[in-house]
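For reference, the structure discussed in these notes is given below.
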Amino acid sequence: MKNITSMPLLPLEFYLQKDAVALSEQLLGKVLCTKINGTLTSGIICETEAYAGIEDKASHAYGDRRTARTETMYQEGGISYVYLCYGIHHLFNVVCNLKDIPHAVLIRGILPLQGVRTILERRGKRILNTQSCIGPGKMSQALGISIELNGVSLTGNKVWIEDLGLTPEPEQIIVSKRIGIDYAEEDANLPYRFEAFNFSS
DNA sequence: CGTACGATCTGCT
DNA sequence: GCAGATCGTACGA
């Protein structure tokens, strides 16, 4: 039996008092896990994007647009924000910061860790390659994430994030502008996308 | 109520 | 490189 200090589960506090940009970087190397119908799948987070609240023209919450959909982002951090994109893809975000501050981090890619058989089935593939779970739609499909997980706690038993002690070297983190947000005008160029593919423990 | 469009992926050319 | 898929959300009439 492991003692409490060795629990890999990231605690609620990890998601609070922290903006989306900081969290985006800190999530690299963490392990995103889901348990869907009793099946565990997981992967190392290798690509993220920050959506930084009401001032960020790329965010659904830009201009303090508080609607039925964005309400999830306005809740206290430590929950998921899942929405349907292009009518097809369920994109998964980590809500952070405090209540009424709608910051979230889009998880854009993982390196598969557990449940690879299930991941391949969900993705409709025979073999794994480096791109299998890179891309927010592919990532969510791989982990079986759908709209049903919108607003659920990240310290519960459906979806959660673990810290196994893997960290990228700071100089190996690739920072660039976000993908697919040309409508965001000048904010489209903000350096809010983070990638890392080498981790050490 | 109508309509435009999107934090994307895939397969075909 | 590009079109098509596919539907909930947001917003204006």
Side-chain angles (χ1 to χ4, degrees), chain A residues 15 19-28 30 32 34 41 43 45-75 77 79-97 101-112 119-152 154 159 161 173-196:
Chain A
Y15 304 101
D19 67 31
V21 177
L23 184 67
S24 292
E25 192 160 0
Q26 291 175 25
L27 282 176
L28 295 173
K30 302 297 189 290
L32 178 59
T34 61
T41 49
I45 296 170
C46 61
E47 181 178 345
T48 61
E49 277 179 3
Y51 287 85
I54 66 175
E55 317 245 294
D56 180 357
K57 289 186 175 179
S59 172
H60 292 162
Y62 172 64
D64 204 14
R65 258 193 334 213
R66 198 161 182 157
T67 67
R69 179 174 67 156
T70 64
E71 188 59 30
T72 306
M73 275 199 287
Y74 281 86
Q75 299 308 304
I79 64 175
S80 71
Y81 169 48
V82 181
Y83 70 94
L84 184 66
C85 187
Y86 294 102
I88 298 174
H89 303 104
H90 296 267
L91 302 205
F92 173 81
N93 298 255
V94 174
V95 177
C96 61
N97 223 308
I101 303 177
H103 278 226
V105 175
L106 173 66
I107 307 300
R108 295 187 53 89
I110 58 169
L111 306 174
I119 287 174
L120 287 173
E121 282 174 18
R122 288 177 180 148
R123 295 278 301 115
K125 304 288 182 188
R126 290 289 313 279
I127 59 170
L128 217 52
N129 67 48
T130 57
Q131 297 301 306
S132 290
C133 303
I134 307 284
K138 291 192 277 185
M139 192 289 296
S140 292
Q141 185 181 43
L143 295 187
I145 292 170
S146 72
I147 199 74
E148 296 171 20
L149 290 185
N150 182 45
V152 309
L154 297 178
V159 55
I161 303 177
I173 296 176
I174 304 164
V175 183
S176 57
K177 63 184 186 180
R178 293 171 290 183
I179 303 294
I181 53 155
D182 293 342
Y183 56 84
E185 302 174 16
E186 72 273 18
D187 288 350
N189 293 315
L190 291 170
Y192 282 2
R193 179 178 179 221
F194 301 86
E195 298 169 277

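Each chain gets a letter, A, B and so on, in the order its sequence line appears, and its residues count up from 1. None of these values were measured; they are calculated from a predicted model.
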Return the minimal non-hydrogen interatomic distance between A:Asp187 and A:Lys57, and the atom names on each side.
OD2-N, 2.8 Å

Pull out every residue in residues 133-149 of chain A that has a heavy atom closer than 4.0 Å to any atom of DNA chain B, ordered by number, or say none.
A:Gly135, A:Pro136, A:Gly137, A:Lys138

Polar side-chain atom of A:Tyr15 near backbone of A:Ile79 as donor-acceptor pair, under 3.5 Å
no

Output yes when a side-chain donor or acceptor of A:His90 lies under 3.5 Å from a complementary backbone atom of A:Ile147, and no otherwise.
yes

For the base of B:dG6 and the side-chain ring of A:Tyr183, does the geometry meet a stacking cutoff of under 5.5 Å between centres and under 30° between planes?
no

Considering the options A:Lys177, A:Glu49, A:Arg178, which one meets the side-chain contact (heavy atoms from CB on, under 4.5 Å) requirement together with A:Tyr192?
A:Arg178

So, does A:Ser140 use its side chain to make a donor-acceptor pair with the main chain of A:Ile145 at under 3.5 Å?
no

With both distances under 3.5 Å as the test, what is the Watson-Crick or G-U wobble partner of C:dT6?
none

N/O (side chain, A:Arg193) to phosphate O (OP1/OP2, B:dA7) under 4.0 Å:
no

Rounded to the nearest 0.5 Å, what separates atom CG in A:Leu91 from atom OH in A:Tyr83?
4.0 Å

B:dC12 -> Watson-Crick or G-U wobble partner, both distances under 3.5 Å, gives C:dG1

Reading DNA chain C in the 5' to 3' direction, which nucleotide is the first one with an atom under 4.0 Å from a heavy atom of chain A, and which is the last?
C:dA5 to C:dC11

Tell me the interatomic distance from A:Leu84, atom CG, to B:dC9, atom C1', rounded to whole angstroms.
13 Å

Is there a side-chain polar atom (N or O) of A:Arg108 under 4.0 Å from OP1 or OP2 of B:dC9?
no

Exercise: do A:Asn97 and A:Tyr74 side chains pair donor with acceptor under 3.5 Å
no

Does A:Arg178 reach a base, just sugar-phosphate, or nothing at all? Heavy atoms under 4.0 Å.
nothing

Nearest whole angstrom, please: distance from the C1' of B:dC9 to the NE2 of A:His90.
14 Å

Check whether A:Ser80 reaches the backbone of A:Val94 with its side chain - one donor and one acceptor, N or O, closer than 3.5 Å.
no

Just how far, in rounded Å, is P of B:dC5 from CD1 of A:Ile181?
18 Å

A:Tyr86 OH to B:dT8 P, in whole Å, measures 5 Å

Approximate separation, where rounding is to 0.5 Å, of A:Leu111 CG and A:Thr130 OG1:
9.0 Å

Could you tell me the separation between the OH atom of A:Tyr83 and the C1' atom of B:dC5, rounded to a whole number of Å?
13 Å

Of all heavy-atom pairs between A:Val159 and A:Leu32, which one has the smallest distance, and what is that distance?
CG2-CD1, 3.9 Å

Pairing partner of C:dC11 (Watson-Crick or G-U wobble, both distances under 3.5 Å)
B:dG2

Expected list for residues 53-67 of chain A near DNA chain C, using heavy atoms below 4.0 Å, is A:Arg65, A:Thr67

Any luck finding a side-chain donor-acceptor pair between A:Arg122 and A:Gln141 under 3.5 Å?
no

Contact class for A:Ile88 (heavy atom, under 4.0 Å): base, sugar-phosphate, or nothing?
base

Verify, without hydrogens or angle tests, whether A:Thr72 (side chain) and A:Gly151 (backbone) share a donor-acceptor contact under 3.5 angstrom.
no

